[in-house]
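Structure record follows, encoded as structure tokens.
Below, chains carry the letters A, B, ... as their sequence lines are ordered, and counting in each starts from 1.
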Amino acid sequence: MKDYKYIGKDVIRIDALEKISGAAIYGDDIDFGANLLYAELVQSTQAHAIIKSINTSEAQKVKGVYKVFTGKDFPYKFGLYMKDRYIFAQDKVRFVGEQIAAVIAYSPGAAKRGAELVKVEYEALPAVLNQMDALADNATLLHPDLADYPHVPWFFPKPGTNVAHWRKTRKGNLEQGFAQADYILEDTYTVPRYAHCAIETHVAIGKFDHSGRLTVWSSSQSPHTQRHLFAEALGLSHKDVRVIAPHVGGGFGGKAGVTMEIIPAALATKLKGYAVKLRYSREQEFINTYQRLGVVARIKMGVTKDGSITALDHKIYWDAGAYVEYGANVVNAVGLSAIGPYRIDNVSIDSVCVYTNLPPGGAYRGFGYSEMLFGLESHVTRIANELKLDQVEFRRRNAIKEGDLTAYGAKMNPNGLVECIDRVQAAIAWGKKPVSTDPNKLIGQGFSLFWKAPAMPPNASSSAFLKFNEDATINLIISGMDIGQGYQTVMAQIAAEILSIPPSKIRVETPDTDRNPYEWQTVASHITWSSGNAVKKAAIDAREQIFALITRVYHYPIDELYLEDEAVKCNTDSAFILPLKDFVVDGIMTSDGTFKGGPINARGMFMPEFSSTNGDPETSQGGHPNVHYTVGAAALNLEIDKETGKMRVLKAALAIDAGKALNPDLVRGQITGGLLQGLATVLYEDMRYDANGKLLNPNFTDYKIPTAMDVPDEIIPIIVEVPQPDGPFGARGIGEHTMLPAAPMIANAVEDATGIRIKSMPVTAEKVAMAILAKKG
Amino acid sequence: MKEINLTLNNESRSVLVEPNEILLDVLRDKLGVKSPKCGCERGDCGACTVLLDGQAVRSCLILAVEAEGHSITTVEGISADKLSALQEAFIQFNSFQCGYCAPGIILAVTELLEKHPKPTLEQIKESIAGNLCRCTGYTPIFNAIMSLTKEEK
Amino acid sequence: MALAHEFDYVRPQSLTEALQLKDKYKDKARWLSGGTDLIVNIKEGMMKPDLLIDIKDIDELWQIGFNSGKLSLGAAVSFSELIDSEDVRQHFGMLTDACRTVASTGVRARATLVGNICSAVPSLDSAPPLFCYEAIVHCASVDGKRDIPIDQWFLAPRKTALADNELVTGITLTAIPNSAGVYVKLGRYGGEDLAQAGWGVMVDHNKQYRIAHCALAATPKRAYQIEQLLAGKELSDALIEQAIALIPQETSPITDIRSSKEYRLHVSGVMLKRGLQAAYDRLQGKTVEAHKLLGGIA
């Protein structure tokens, strides 16, 4: 393997100093001076209702209130993949918490006082609060006009029902596959909704200046996508819309696409000259951003007695909420991939996106794969156990390999799945679980595989500008977001490696769509791969410009030149060493006193030109919707108190095939962080709604996210590197994947320890204890 | 409006506040100190942690008028000359990702190390149990703090 | 985000001045000490006082004193001070256990035990030790002083015996010689949580027991029937089973978002059993980590 100077090294994060010294600026930290107004929302108290009237007169009278806006001021639709939302509710509300009006005031307190005085009169409609009810015949329709909604060509809505999208994948012959099976297991698994819980809530500030130009500062994973949606919805030219994205205090998918940001953007257009800020409270953050979708999954799997999977029928019904403009693509992604990382010849997948009167579902770290894998990896363990086969051996036997066909018929990319299995098996000492000395404690082992592909439009692209400064430091100008994963650092490492400049001499700033080149979004764990390719190309472009200049001035052949230690060198003339700082801006002086060259400004672009969504709507065969999959394996030892049900992760091992870990410590950071986030979803988190569709736990008092007291005793992060041929230095994304195996692993360990199979998340201490009690009789 | 006098990061400051203004808001909006962050507004997340007379407290649950005559320290204050050994360790161990919780955690641990220069893992966990971090999984934070206890011989 | 509600703020320098103000405003004024509960309530519109009376400048409310078996705590004493007090740890171990489960360090630095009992939530962690140490709540008003025993303090959820012109100036607890106690708390995970059940269990050398619980009824309560059953007896599996059988009579748990009634009842049995054992262990000088008694991540 090639010896790199910066790639594959634990380079210190380039954003460390600003984040650790308190200097880093987040959205709410920006000062706007005297012309700042504050918006407070009036939100629906009804899950489904006709808005009969909105009375704003009392609110208008509050001292400090400037204006009040309602839906009639903004009759515009928007949406990422399907235009099914309005900026404010129009004639109807479809979930508790939906925005109906905004009170604009000179202080946040006045805006709040005003919002409390807006009176909304409703006429209640029947509400459907789960996907199975919404699918029933005669269920209330959330969107009677579904047929008219514009959407991407790879969505298949069913007008006249609550089905917003139905992804069907068919491969082989399902009937024959089940006929070949010696054993068939069929069961249902359920997963509730979850919240991202970035510690920074959403915030956005819109300003429409007197020249008619809209600027929006927003805490966002998607500045360019936001610009595009704002321009489309508000009828502005892209050149007149500018999105500035400062540091983001955690994303996890929650700040992807557009949710509340469109509100201050739209409000600004009616408040010329002012800046208007909307900052979500924690409660609003829970209620009215995207939530992770709920799932009911019916799995039927057939296997031969020697342990080969012959057929899989996987039906997944998604509670996607009142608007699915982003969430329907979660459904789509899983509908293409619900075989898990297995080689299965006969497959049927139905992934059904269902409207419900709950808040909109959307992107959440893992993009549906966590929900799908809870059922599938529970099922795989059960079926192996039924056959009296070791579940790890069963997984190894059926693991998908390079060149095997995915569910939609494309070839699987090179991958180290088997190596991941082997290394996790060794790290956890599979089959040799410790025995507790405490008679109240049981110990179980759980195992799970995982995989996930980026879910992107086939033309999702990245680009990069790179400019040299006089001292040969670099400004790398890119538009991905460092949402904590270390994107800026890794991009700097890529440029550093190509240009022989230490990453500490490269500045990467958060983006401004006016000045930074296009980036689709920082989602899908695609950014290292996609933006990394663009940065690499930009760096190569810079290098080519440098070499061309040197050749022009010194006449060395280009193929004899190379960069080392911030200088150009020549492999046929060891005396030639020209420091970059001598010429990358000022050029090179020649004998007649003239200068050649000039500032080195480079650019790079990447679009996966092989990707396509042209699969058959009935089978999904034919296209190449996913660029590649990242795979891995994980296992843990779980101690369970058999009286209280309380659980403690004694040891967990997680192996992921990063292709090439560009910065191994950052990869390990994703493993420890992602694994804990995943464990929380299975052990104690979940969103609870009452019978009227109101969220009961919109706060950290009752939506428990892990604290320092909730960390596994030991986590063993394992990095496997089977290069991705089209990845920068072989890299592929790993950010979301690290939380994927957590839930099935816990359910599998609980069964291993207690003999009890829990098929609904979360697997809480209460559920475990009560199941043990029930089993005792 | 009432004028209050306090010491902020070792400097005397005075500021006009209403009785219902929250210390966090006044620090951020009137005194220009931005490192204490708002995360939950009810004391659950710890992002707004500041040191009040050396003690880590929730600035989202304190009225600005209560700070009259007291000393407030934020991360800007402890970074003024050079980073503390704790901050350096946070960088070395990648003990932050998005960075939003980092100022609060650094202050909570600063108080801990003041009281217990060689804390146990249990003490470390207890000291930051109320500072939520959604990114790191906490282990890199523990490692950074434990490294300080080892170096000190 | 700023508070929508507007109010006045005063910081009286003497108790007399404070009591006069409160007498004038009655329930339109709220006492402010740590503020960790009050500010949240005002933010969320649960309370709309006209006046906040900050008691932190009143010196006598800051005292924390241990004398001939009695612990006196002023109204401004924070949980952190209690946790750090060696006297409290030695003589009122169950109180230290309970205080360490309240919120987190950054909140405990300001929050007070007195404020805690004034909130009177059913899940009040500090209540079981206060019952077991037979706390006396000292109240004052312009009309004079009165003492309220803890078992007459909690009237209903969020309702106490305090009159609307009164201030709790402090609490006195009485140590039991040659005894040991433990507070066992059921939460949903290792981090801070509101109790789904809390049991304070105390035993002395004469096998006399004091037992109290929280989060299992409308108010925290002492479990007198269980105490009487156990009184003077050596613990045995059979006796513990008899004690556990009394739990449904001693409690009236509900199902809510945090826990089902059934789980609360079931784990209460485990808590009582392990709590009794842990109290005995402490009595014999063994180290008990109260937060680890129920297993799980901690």
Is [X] in contact with chain A via its backbone, its side chain, both, or neither, using a 4.5 Å heavy-atom distance?
| X | value |
| --- | --- |
| B/Glu88 | neither |
| B/Leu132 | both |
| B/Ala102 | side chain |

Query raised in the report: Run the side-chain contact (heavy atoms from CB on, under 4.5 Å) check on B/Asp44 and A/Tyr703 step by step: do they pass?
Result: CA-CA 11 Å; B/Asp44 292 330; A/Tyr703 188 98; over 6 Å; no

Determine the minimum heavy-atom distance between [X] and [Y], stating which atoms define it.
| X | Y | value |
| --- | --- | --- |
| B/Cys98 | A/Gly249 | SG-C, 3.3 Å |
| A/Tyr26 | B/Gly99 | OH-C, 3.2 Å |
| A/Ala708 | B/Phe142 | O-CZ, 3.4 Å |
| B/Cys38 | A/Arg279 | SG-NH2, 3.3 Å |
| B/Gln97 | A/Gln670 | OE1-NE2, 3.1 Å |
| A/Ala16 | B/Phe96 | CA-CZ, 3.5 Å |

Could you grab the distance from atom [atom1] of [X] to atom [atom2] of [Y], nearest 0.5 Å is fine?
| X | Y | atom1 | atom2 | answer |
| --- | --- | --- | --- | --- |
| B/Glu122 | A/Met709 | CD | CE | 6.5 Å |
| A/Thr489 | B/Asn94 | OG1 | CG | 8.0 Å |
| A/Glu200 | B/Tyr100 | CD | OH | 5.0 Å |
| B/Ser35 | A/Lys19 | OG | NZ | 15.0 Å |
| A/Gln677 | B/Thr136 | CD | OG1 | 11.0 Å |
| A/Ile20 | B/Gln92 | CD1 | CD | 11.5 Å |

Requested in this report: Determine whether A/Ile199 and B/Lys37 make a side-chain contact, defined as any pair of heavy atoms from C-beta on separated by less than 4.5 Å.
Outcome: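 When only atoms from C-beta onward are counted, B/Lys37 and A/Ile199 do not touch, as no gap falls below 4.5 Å.
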
Most chain B-contacting option - heavy-atom pairs closer than 4.5 Å, from [options]:
| options | result |
| --- | --- |
| A/Thr201, A/Ile715, A/Thr701 | A/Thr701 |
| A/Pro706, A/Ser281, A/Ala24, A/Ala23 | A/Pro706 |
| A/Leu679, A/Asp482, A/Thr707, A/Ile671 | A/Thr707 |
| A/Thr672, A/Asp10, A/Ile25, A/Leu676 | A/Thr672 |

Report task. Under the side chain to side chain donor-acceptor pair (under 3.5 Å) rule, collect the residues that match up with A/Tyr487, sequence neighbours excluded. Result ->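 With neighbours one apart ignored, the set is A/Ser531.
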
Report task. Please state whether the side chain, the backbone, both or neither of A/Ile483 comes within less than 4.5 Å of a heavy atom of chain B. Result ->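 For A/Ile483, backbone heavy atoms alone lie under 4.5 Å from chain B.
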
Is the backbone N or O of [Y] less than 3.5 Å from a side-chain atom of [X], with the two atoms forming a donor-acceptor pair by type?
| X | Y | answer |
| --- | --- | --- |
| A/Arg13 | B/Ile91 | no |
| B/Arg28 | A/Asp28 | yes |
| B/Arg134 | A/His196 | yes |

Query raised in the report: Between B/Glu126, B/Glu76, B/Lys34, which residue shows the highest count of heavy-atom pairs closer than 4.5 Å to chain A?
Result: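 If we count pairs closer than 4.5 Å to chain A, B/Lys34 comes out on top.
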
Report task. Report the option among B/Cys135, B/Ala47, B/Pro140 that has the most heavy-atom pairs separated by less than 4.5 Å from atoms of chain A. Result ->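 The option with the most such pairs is B/Cys135.
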
Query raised in the report: Yes or no on side-chain contact (heavy atoms from CB on, under 4.5 Å) for A/Ser21 and B/Leu83, after CA distance, side-chain angles and deciding distance?
Result: CA-CA 7 Å; A/Ser21 66; B/Leu83 296 187; 4.2 Å; yes

Query raised in the report: More than 12 foreign heavy atoms under 6.0 Å from CD of B/Glu114: is that the case here?
Result: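 No, because the 6.0 Å sphere around CD of B/Glu114 holds 12 heavy atoms or fewer from other groups.
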
Taking distance alone, no hydrogens or angles, what donor-acceptor pairs closer than 3.5 Å link side-chain atoms of residues 10-17 of chain B to residues at least two apart or in another chain?
none

